[in-house]
Number of protein chains: 2
Amino acid sequence: MSATFTAAVINAIRKELAVGISEQTPLSQTIGYRLIKVGEMVMETAEQVLAPTGIKPRHFNVLSTLSVDATLSQRELSTALGIDPNVMVDLIDELERQGFARRERSPVDRRRHIVVVTPKGKAVLTKAQAAVNEAEERVLGVLTSDQRQVLFEAAGVLLGLAPVPRAG
Amino acid sequence: MSATFTAAVINAIRKELAVGISEQTPLSQTIGYRLIKVGEMVMETAEQVLAPTGIKPRHFNVLSTLSVDATLSQRELSTALGIDPNVMVDLIDELERQGFARRERSPVDRRRHIVVVTPKGKAVLTKAQAAVNEAEERVLGVLTSDQRQVLFEAAGVLLGLAPVPRAG
DNA sequence: TATTGTTATACTCTATAACTATA
DNA sequence: TATAGTTATAGAGTATAACAATA
């Protein structure tokens, strides 16, 4: 039921996007244009499936990153996620307003604001992660597992990421 | 020389993007996040390699689309490219100001503005196309041809495009 | 009545620089 | 001096609705 709703949302997005990339234009036959449109589609999907949880992709990214390293400061989050520090201020403000995180002064360097995820923040992350996982499964479900693997690796190469950072 | 400059630009973009997607975050291990970042990288690359020609990706898209069907109206361009009609107004305004295109009333339906590409517009499209081709070759050059093929097809599937619209 | 193009408006995003407090 | 965070501001981009001309 929640799954059905998600599927409907994703199909609507794909349909909408497909119109915007009709074969009327030669651009649709270039890899570059397709990659841009796919990125937009994935972002739109993320926004829509996260909406019911009350957070946006950026908040999700912050919470997700903090779930692995809980000692990151605003500055470190900014550089890790490619978000400008002044934008990060508003982001953390919003997370604080919603009770999902709070700022704590670092004892060793009082300039730094460590961002601490609250239990409520952890709960919303769990829900959001499930929604994202389900959406990803659904969106990429039209691909073969070989295609998905190549997509993952090729994107990593394009972004200059180390291949398989954590083996086995 | 122009080629060297392009390579430097692209490497700079990849480096910048790579920072924004460091392995500090578990997001970098998801296909979705990678696809979003790849799309952003491709878009940034397009903007930078087109800059010397005086046009932006959207102007390029319009000119490119018109080069295949020269009878399109603003409305048709809007839907084909997924750009809002009110945005298309400014876009065509800019192309007119630069002497790359002009509006002509359709004789059969005077509401429609057919967008006509001028010789100057065709010239800039040729230059822009060359710049885009070279950039694409350079950016995707780090991939194997198998990877590129899968990327192209998988992106097409994700966007709901017909496979191989023009065979042979 | 409906559609094409246009204009106006408000809203969101982003980029830049200045400011503070700490180091 | 340099850095972390904050604030202010301006610019770009986007979405919405209203409007005139035409169908």
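As a basis for the values below, the full set of heavy atoms in this structure was taken, side chains included, without hydrogen atoms, waters or symmetry mates.
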- With B:Asn86 via side-chain contact (heavy atoms from CB on, under 4.5 Å) - residues at least two apart: B:Asp84
- Check every nucleotide of DNA chain D for an atom under 4.0 Å from a heavy-atom of chain B, then give the first and the last such nucleotide from 5' to 3'. D:dG13 to D:dA23
- Message: Tell me the interatomic distance from A:Lys56, atom NZ, to C:dC11, atom C1', rounded to whole angstroms.
- Response: 11 Å
- Task: Please list, chain by chain and in numerical order, all residues satisfying side-chain contact (heavy atoms from CB on, under 4.5 Å) with A:Glu137, sequence neighbours excluded.
- Result: A:Arg148
- Item | Connected hydrophobic set around B:Val108, excluding itself, where side chains approach under 4.5 Å | none
- Message: Going by salt bridge (Lys or Arg N to Asp or Glu O under 4.0 Å), name the pairs with one or both residues in residues 89-99 of chain A, residues two or more places apart or in two chains.
- Response: A:Asp93-A:Arg103, A:Glu96-A:Arg103
- Under 4.0 Å between any heavy atoms, over every strand shown, what does B:Asp84 touch: base, sugar-phosphate, or nothing? Just pick one. base
- Item | Residues forming a side-chain contact (heavy atoms from CB on, under 4.5 Å) with B:Glu47, sequence neighbours excluded | B:Met43, B:Pro57
Distances for protein N or O near nucleotides 5-10 of chain C N or O, under 3.5 Å:
| unit_1 | atom_1 | unit_2 | atom_2 | d |
| --- | --- | --- | --- | --- |
| C:dG5 | OP1 | B:Gln74 | N | 3.2 |
| C:dG5 | OP1 | B:His113 | N | 2.7 |
| C:dG5 | OP1 | B:His113 | O | 3.4 |
| C:dG5 | OP2 | B:Arg75 | N | 2.5 |
| C:dG5 | O3' | B:His113 | ND1 | 3.0 |
| C:dT6 | OP1 | B:Arg103 | NH1 | 3.3 |
| C:dT6 | OP1 | B:His113 | ND1 | 3.4 |
| C:dT6 | OP2 | B:Gln74 | OE1 | 3.0 |
| C:dT6 | OP2 | B:Gln74 | NE2 | 2.9 |
| C:dT6 | OP2 | B:Arg103 | NH1 | 2.6 |

- Note on the structure: B:Ser28 and A:Leu161 have their tightest heavy-atom pair at O-CD1, 4.1 Å
- Message: Tell me every residue that passes side-chain contact (heavy atoms from CB on, under 4.5 Å) with B:Val42, counting only those two or more places apart in sequence or in another chain.
- Response: A:Leu35, A:Ile36, B:Val38
Let me have the donor-acceptor pairs involving side chains of residues 125-132 of chain B, under 3.5 Å, with sequence neighbours excluded, atom names and distances please.
| unit_1 | atom_1 | unit_2 | atom_2 | d |
| --- | --- | --- | --- | --- |
| B:Thr126 | OG1 | B:Lys122 | O | 3.0 |
| B:Gln129 | NE2 | B:Asn133 | OD1 | 3.0 |

